[in-house]
Visitor: 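Below is one structure. I have some questions about it.
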Amino acid sequence: MASVISTVTLSNILLILLLSGCSANAQLSANFYANSCPNLQTIAHNAMTQAVNREERIGASILCLFFHDCFVNGCDASILLDDTSTFTGEKNAVPNRNSARGYAVIDTIKSNVEAGCNATVSCADILPLAARDGVVLGGPTWQVLLGRRDARTASQSAANNQIPSPFANLAALTSSFSAKGLCARDLTALSGGHTIGLARCTTFRSRIYNDTNINANFAATRRANCPATGGDNNLAPLDTLTSTRFDNNHYRDLVAQRGLLHSDQELFNEGSQDALVQTYSNNPATFSADFAAAMVRMGNISPLIGTSGENRRNCRVVN
């Protein structure tokens, strides 16, 4: 089925949040750089489009990068900081090591932005723009709220403890999202990001060998490329049919017990999110709207604003 392409305005998103019972944080502004860097959106969009044209998977990688950044002390670009002899960042935390990728794409966008608007735009604002523009393969678009500043520090321990695990159950997932001010509807909508991209064998091995709420043929297919031991970095698509197109097939997979990750299948496992998963599986427009709203809410997790933090000239190191 073809994906639904949906343009979601900020007013639409705020209405969706109101009706869903999820609150919105209005500290940021869609027009933050209107005067200081009016071409920002075009610069970021063009660079991200080129990156996706080179490698379709990169959109999913940048989406994941933004998610992992926001869940660790807020959306502050801390995930982009490299380790040094005197500094330990988040890149080698368990959820990020051998998994988080796309840093060079962010470097390219930052370089292009710096060429047009020197020392003006934060890396923490480039990440959500890149995440949105990486969902160009049939997905929704939305107004990204801007005005974040960059962290001067990072926390590997927080990354190890606060990023939701692919092995988590529904209660743990709901709790981790709630701790960030996100509701259960946000959790289920954001899981739809797994309609694109790939996962490493180590993240789904226990599901395909041990879980009982899994389609037998699906499990057998995945075992062929993910042995019981070894092959940790072997990859499989998160979406069985359209892993390079942003659509609602992820939820159809869940209804058919073909969720690749244990944490994803928990959203359709005789629990509180079953009805919403069914809705998304049948109504791509509802999913697109909810996903866009949830992305705005996630981007509002504890941003550094005003004089807090800094605008890094190089996203990998503090000024």
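Worth saying up front: this structure is predicted, and the values here are computed from it rather than measured.
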Visitor: What do the steps show when you test Phe204 against Phe167 for ring-ring contact (aromatic ring centres under 6.0 Å, His included), and what is the final call?
Guide: CA-CA 8 Å; Phe204 62 84; Phe167 315 110; over 10 Å; no
Visitor: Between the side chains of Glu55 and Arg101, is the shortest nitrogen-to-carboxylate-oxygen separation below 4.0 Å, so that they form an ion pair?
Guide: yes
Visitor: Determine whether Leu146 and Val144 satisfy the following criterion, side-chain contact (heavy atoms from CB on, under 4.5 Å), listing intermediate values before the conclusion.
Guide: CA-CA 6 Å; Leu146 302 166; Val144 174; 3.7 Å; yes
Visitor: Take Leu267 and Asp274 through the test side-chain contact (heavy atoms from CB on, under 4.5 Å) and record every step on the way to the result.
Guide: CA-CA 6 Å; Leu267 300 177; Asp274 282 17; over 6 Å; no
Visitor: Please say whether more than 12 non-hydrogen atoms of neighbouring residues, nucleotides or ligands are located less than 6.0 Å from CG in Asn53.
Guide: yes
Visitor: Do Tyr280 and Phe291 have ring centroids that are under 6.0 Å from one another?
Guide: no
Visitor: Out of curiosity, does Tyr251 fall in the hydrophobic cluster containing Phe218 (side-chain heavy atoms, cut-off under 4.5 Å, transitive links)?
Guide: no
Visitor: Using a 4.5 Å cut-off on heavy atoms from C-beta on, say whether the side chain of Val94 contacts that of Ile163.
Guide: no
Visitor: Less than 4.0 Å between a side-chain N and a carboxylate O, is that true for Arg152 and Glu310?
Guide: yes
Visitor: Should the pair Lys91-Asp83 be classified as a salt bridge under the 4.0 Å nitrogen-to-oxygen rule?
Guide: no
Visitor: Would a hydrophobic clustering, with Ile, Leu, Val, Met, Phe, Trp and Tyr connected at side-chain separations under 4.5 Å, put Val296 with Leu187?
Guide: yes
Visitor: Who are the ring pair (Phe, Tyr, Trp, His ring centres under 6.0 Å) partners of Phe71, not counting sequence neighbours?
Guide: Phe67, Phe177
Visitor: Answer yes or no: is there a side-chain heavy-atom contact under 4.5 Å between Cys226 and Ile208?
Guide: yes
Visitor: By the definition salt bridge (Lys or Arg N to Asp or Glu O under 4.0 Å), identify the one residue from Arg132, Arg148, Lys110 that meets it with Asp125.
Guide: Arg148
Visitor: Within the 4.5 Å heavy-atom criterion, are Met295 and Phe66 side-chain neighbours or not?
Guide: yes
Visitor: Is any side-chain heavy atom of Asn249 less than 4.5 Å from a side-chain heavy atom of Thr240?
Guide: yes
Visitor: Taking Ile214 as the starting point, is it possible to reach Leu254 by hopping between hydrophobic residues whose side chains are less than 4.5 Å apart?
Guide: no
Visitor: So, for Leu260 and Arg222, which heavy atoms are closest and what is the spacing to 0.1 Å?
Guide: CD1-CD, 3.8 Å
Visitor: With a 4.0 Å cut-off, would you call Asp76 and Arg149 a salt bridge?
Guide: no
Visitor: Run the side chain to side chain donor-acceptor pair (under 3.5 Å) check on His250 and Asp239 step by step: do they pass?
Guide: CA-CA 6 Å; His250 170 69; Asp239 181 320; over 6 Å; no
Visitor: Taking atom CZ of Arg313 as the centre, does the number of heavy atoms from other residues, nucleotides or ligands within less than 6.0 Å exceed 12?
Guide: no
